[in-house]
Amino acid sequence: VKLLESGGGLVQAGGSLKLSCAQSGGTFSSYAMGWFRQAPGKEHEFVAAISYSGNHTYYSDSVKGRFTISRDNAKNTVYLEMNSLSPEDTAVYYCTADLAYSDYVRDFNIGAMDYRGKGTLVTVSS
């Protein structure tokens with residue numbers, strides 16, 4: 001399984017970006033997908049996750065109401081739509097895949113994920 005993120009870049013505060021993560025290999029619809037981020041000098045932080053069916057989504061308190069995770073199982077792709085961005089959202093964003101045993105996400109630790117992409121940088125200027 002390989003994960004390839006795209007869509008990062010430089011945006012002004014208050015702006016929007018939409019990240020994509022394409023999975024190759026494996027059966028995409030068997031994996032819960034997630035997004036994590038790591039700001040400079042900080043630990044990895046959970047951002048959002050979506051169950052394998054797409055029926056259940058999860059968000060950190062810091063992004064709830066501003067970010068939306070979605071998936072297209074026909075395209076083997078998961079998305080993260082980010083609105084009302086602030087400089088505090090500046091980070092490298094990583095896509096993860098975790099083989100699902102139920103239609104609920106129960107693990108929000110990046111170290112426990114089965115696969116991780118190389119990340120895409122999001123920079124929000126003030």
Side chain to side chain contact (heavy atoms under 4.5 Å, CB included) partners of Leu121, counting only residues at least two apart: Val92, Thr123
Val47 backbone acceptor or donor facing Glu45 side chain under 3.5 Å: no
Distance, nearest 0.5 Å, that separates [atom1] of [X] from [atom2] of [Y]:
X: Cys95; Y: Leu19; atom1: SG; atom2: CG; answer: 9.5 Å
X: Arg116; Y: Cys21; atom1: CZ; atom2: SG; answer: 12.5 Å
X: Arg71; Y: Ser20; atom1: CZ; atom2: OG; answer: 13.5 Å
X: Leu85; Y: Thr90; atom1: CG; atom2: OG1; answer: 8.5 Å
X: Leu3; Y: Lys118; atom1: CG; atom2: NZ; answer: 11.5 Å
X: Ile50; Y: Ile69; atom1: CD1; atom2: CD1; answer: 5.5 Å

Would a single hydrophobic cluster contain both [Y] and [X], if residues Ile, Leu, Val, Met, Phe, Trp and Tyr are joined by side-chain heavy-atom contacts under 4.5 Å?
X: Val105; Y: Tyr101; value: no
X: Leu17; Y: Tyr59; value: yes
X: Val63; Y: Val78; value: yes

Heavy-atom side-chain contact between Leu80 and Thr68 under 4.5 Å: no
Distance-only donor-acceptor check, side chains Asp103 and Ser53, under 3.5 Å: yes
Any donor-acceptor N or O pair under 3.5 Å, side chains Ser62, Ser60: yes
cation_pi(Lys2, Tyr115) dist<6.0 Å, angle<=45: no
Check [X] against [Y] and note the closest heavy-atom contact, atom names and distance.
X: Glu5; Y: Tyr94; value: OE2-CA, 3.4 Å
X: Leu99; Y: Ser30; value: CD1-O, 3.6 Å
X: Pro87; Y: Ser126; value: CG-CB, 3.8 Å
X: Asn73; Y: Ser29; value: ND2-CB, 3.6 Å
X: Arg37; Y: Tyr93; value: NH1-OH, 2.9 Å
X: Ser16; Y: Asn83; value: OG-OD1, 2.8 Å

Partner residues of Arg66 under the side-chain hydrogen bond (donor to acceptor under 3.5 Å, both in side chains) criterion, sequence neighbours left out: Asp89
With Tyr58, the ring-ring contact (aromatic ring centres under 6.0 Å, His included) member among Tyr104, Phe67, Phe108: Phe108
Audit row: Met33, Met113, side-chain contact (heavy atoms from CB on, under 4.5 Å) steps and yes/no: CA-CA 9 Å; Met33 302 299 293; Met113 300 296 105; over 6 Å; no
Verdict with supporting geometry, Met82 and Val122, side-chain contact (heavy atoms from CB on, under 4.5 Å): CA-CA 10 Å; Met82 307 184 294; Val122 172; 3.9 Å; yes
Thr96/Trp35 under side-chain contact (heavy atoms from CB on, under 4.5 Å): CA gap, chis, key distance, verdict: CA-CA 6 Å; Thr96 63; Trp35 289 95; over 6 Å; no
Criterion side-chain contact (heavy atoms from CB on, under 4.5 Å) on Val1 and Ser24, from CA distance to verdict: CA-CA 6 Å; Val1 171; Ser24 58; over 6 Å; no
Ring geometry between Phe36 and Phe46 (parallel below 30°, tilted from 30 to 60°, perpendicular above 60°): perpendicular
